[in-house]
Number of protein chains: 2
Amino acid sequence: MTEATRRERLRAETEREIRQAARALLVESGRDAVTLRAIARKLGITAPALYRYYDSHDALLRQLCDDICADMAAALYADLAADTSGEVGCQVRAVCHAFRRWALAHPQEFALVFASPRDPIGADQFGSVFLQLAGQLIASNLVATHSDDEVPEVLHEDLVAFQQVLVDAVSEHGVTLDDGVLNLGKIYHVVQSWVRLYGHVALEVFGRFPFAVSNPEPMFDSMLDQMLTDIGFSA
Amino acid sequence: MTEATRRERLRAETEREIRQAARALLVESGRDAVTLRAIARKLGITAPALYRYYDSHDALLRQLCDDICADMAAALYADLAADTSGEVGCQVRAVCHAFRRWALAHPQEFALVFASPRDPIGADQFGSVFLQLAGQLIASNLVATHSDDEVPEVLHEDLVAFQQVLVDAVSEHGVTLDDGVLNLGKIYHVVQSWVRLYGHVALEVFGRFPFAVSNPEPMFDSMLDQMLTDIGFSA
DNA sequence: GAACTCTTGTAAACACCGTTCACTGAAACC
DNA sequence: GGTTTCAGTGAACGGTGTTTACAAGAGTTC
């Protein structure tokens, strides 16, 4: 089984430690604290040694982004699995709550991954949980049917592209969707929901509500209720 | 009129140049390029001289945030003034469009001001345009009346606080509101609108929509239409 | 005008940063 | 056993924020 040579094992272990150290620095002291020298110091090696593993400081940060995405996805899946109701509405609610909880517990990671003007985000696993769930959500006929004519024609092209993304995401988890189920109206509503979910969470994490919020959780719940109602779920 | 001494004038001028240089660096090369030494280089002085004007690099960044907020407010007011329809609905639309346009044209500034896990934002002028307009919007009876009972009771305390913020913001511009006009239901809808506006703009600026958007503008228009409809305006 | 203070800038230094390069020593391979 | 591969080192370069001691001019006081 373990075809890895001794050298390969050691290398993999060191790489794991590098990621772990980088992550710890980000959490403890923010983005600017994730320096090559600080990471090396944590491992008891020197900074240039890190260049045996990453081409540059920037490449290491990108890897960090990917790790964060993977961890977030795992957290969201865990909360999704904890929901045993079997109802899609409850599952959506669980994942949205999990997203908010994760963002509030990991503000630095959230800022790095979701609110940086970076070009190449790890789009592969980014939000795969959302996509999968969104696909299932649309597939379930609980969502009110919206005619394709409701959405402006200029958006059709983009939404068709998103349609394909959703089909791919869901089929990766072994579920195939009928063509007719995924109409553009429904897809449009999912995008609108993402806007509201992301908007609320980001505003909360960055403290950019126009007034001091003392009870953020019920406000989130309230937004979620409205969002689900608008999609076609009853609260 | 000019009671400022010669020394004071020189100092003010230098301070102006510092802000200007810092701003240029942010726009041209991003947050990490706003360096004390780079600023000093632009002014033809040395870095320690900047400590005669700011306590630290961080203090300078905070000042930069305030400047950005002020400039954005000016841009939004300009676009608001350009709207001569006299209808609040059109004014809201104009300001929302102006916000999106500003954010897309100034991604670095937007990221720094609206998406940084910083504690002390220049909340004074932050979004004063929004607040003023929101107050007027609520005051106009075009907005459908929503009962206070619609919003969960846990939110009342926070919304009352926001109510006061709105009243103050509007009264600063010489308009006084009747008590009854500003009910909690309406205020709640304004908060929800801010969530959607901010969410959409941030997602667009940071490129975090779950698919490549080729026509972002009509998608924004569509969101705006829905938002205004939900508030109580007709499209 | 001379003496004084206050202000604005400089130069040098410190510790830190990303990155490059020549190098060592040990593991892996033939 | 000899050779190659490779993780890691140490020194160096130019960059950063920040502190300190010091110079020189502007403003003030006598």
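Residue numbers begin at 1 in each chain, while the letters A, B, ... track the order of the sequences.
If A:A38 and A:D55 are placed on DNA chain C by their nearest nucleotide, the residue sitting closer to the 5' end is A:A38.
Aromatic ring pairs are classed by plane angle as parallel below 30°, tilted from 30° to 60° and perpendicular above 60°; the pair B:F114 and B:F99 is perpendicular. Between A:F220 and A:H200, the angle of the ring planes goes over 60°, which puts this pair in the perpendicular group of the 30/60° scheme. Ring geometry, B:H106 versus B:W102: the interplanar angle falls under 30°, so the pair is classed parallel (tilted spans 30 to 60°).
For the pair A:L112 and B:R208, the tightest heavy-atom approach, listed with the atom from each and the gap, is O-NH2, 4.4 Å. For the pair B:R196 and A:V195, the tightest heavy-atom approach, listed with the atom from each and the gap, is O-CG1, 3.4 Å.
Across the protein-nucleic acid pair, A:I45 atom CD1 and D:dA7 atom C1' stand 9 Å apart, rounded to whole Å. Between the CG atom of A:L50 and the P atom of D:dG10 there is a distance of 14 Å, rounded to whole Å. For the pair A:E8 CD and C:dA27 P, the interatomic distance rounds to 16 Å; values are reported in whole Å. Atom pair A:K42:NZ and D:dG8:P shows a separation of 18 Å (rounding to whole Å applied). A straight line from CG of A:L36 to C1' of C:dT19 spans 9 Å, rounded to a whole angstrom. The separation between A:Y54 atom OH and D:dA7 atom C1' is 15 Å, rounded to whole Å. Taking atom CZ on A:R41 and atom C1' on C:dC16, their separation rounds to 8 Å, with Å as the unit. Atom CG of B:D32 is separated from atom C1' of D:dG17 by 14 Å (rounded to the nearest Å).
In this structure, B:Y51 does not reach the D:dT19 phosphate: none of its side-chain N or O atoms is under 4.0 Å from OP1 or OP2.
Using a 4.0 Å cut-off between charged nitrogen and carboxylate oxygen, A:R62 and A:D55 do not count as a salt-bridge pair. Salt bridge present: A:R23 and A:E109 bring a charged side-chain N and a carboxylate O closer than 4.0 Å. A:D32 has a carboxylate O that lies under 4.0 Å from a charged side-chain N of B:R31, or vice versa, which qualifies the two as a salt bridge. Of the charged side-chain nitrogens involved, at least one lies within less than 4.0 Å of a carboxylate oxygen, so that A:E13 and A:R16 count as a salt-bridged pair.
Distances were taken from every side-chain heavy atom of A:S56 (C-beta onward) to each of C:dG9, C:dT19, D:dT16; the shortest belongs to C:dT19.
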Could you go over nucleotides 11-13 of chain C and give all protein N or O partners under 3.5 Å, atom names and distances?
none

Could I get a table of every N or O pair under 3.5 Å where one atom is in the protein and the other is in nucleotides 6-8 of chain C?
residue : atom : partner : partner atom : Å
C:dT8   : OP1  : B:R11   : NH1          : 3.2
C:dT8   : OP2  : B:R11   : NH1          : 2.7

